[in-house]
Amino acid sequence: MTVIRLPTRLVSTLEISEAVGWPHEDLMKDARATAAEPNMPAEWFRLVYYRDQDGSMQPAYNMTTSGLKMLLWNCSGPRS
């Protein structure tokens, strides 16, 4: 397992995916939805692209720690 050392300036959705075993495609769906929330600061979610193993360009986000907290909060589900 990869250890994510916080606070770092930015953390990638690729790092999060690897660290917690969350498929990157699924994580990106949630990250896109979180980034699109009204009044969400754009600097918290920075869209970047990387080359996958086939050489295709794929999207990812570099997030601030505040962006990561919002992503995790939005993905935690309804409170009981």
Backbone of Glu15 reached by a side-chain donor or acceptor of Glu18 within 3.5 Å: no

In this structure, would Trp22 and Leu68 fall into the same cluster of hydrophobic residues linked by side-chain contacts under 4.5 Å? yes

Met63/Arg46 under side chain to side chain contact (heavy atoms under 4.5 Å, CB included): CA gap, chis, key distance, verdict: CA-CA 6 Å; Met63 300 174 288; Arg46 298 176 187 167; over 6 Å; no

Would you say Ser17's side chain and His24's backbone share a donor-acceptor pair under 3.5 angstrom? yes

Taking atom CG of Asp54 as the centre, does the number of heavy atoms from other residues, nucleotides or ligands within less than 6.0 Å exceed 12? yes

Spatial distance of atom CZ (Arg32) from atom CG (Asp30) [nearest 0.5 Å]: 10.5 Å

Thr65 vs Val11, side chain to side chain contact (heavy atoms under 4.5 Å, CB included): CA-CA, chis, key distance, verdict: CA-CA 7 Å; Thr65 53; Val11 62; 6.0 Å; no

Leu47 side chain near Pro59 side chain, heavy-atom distance below 4.5 Å: yes

To the nearest 0.5 angstrom, please state how far the OG1 atom of Thr13 sits from the CG atom of Leu71. 9.0 Å

Intermediate values then yes/no, side chain to side chain contact (heavy atoms under 4.5 Å, CB included), Arg51 and Gln58: CA-CA 6 Å; Arg51 289 198 185 276; Gln58 300 294 329; over 6 Å; no

Matching residue for Tyr61 among Trp44, Tyr49, Phe45 - test: ring pair (Phe, Tyr, Trp, His ring centres under 6.0 Å): Phe45

According to a 4.5 Å side-chain heavy-atom criterion applied to Ile, Leu, Val, Met, Phe, Trp and Tyr, with indirect links allowed, do Val48 and Met28 form part of one hydrophobic cluster? no

Heavy-atom neighbours of Glu25 CD exceed 12 at 6.0 Å: no

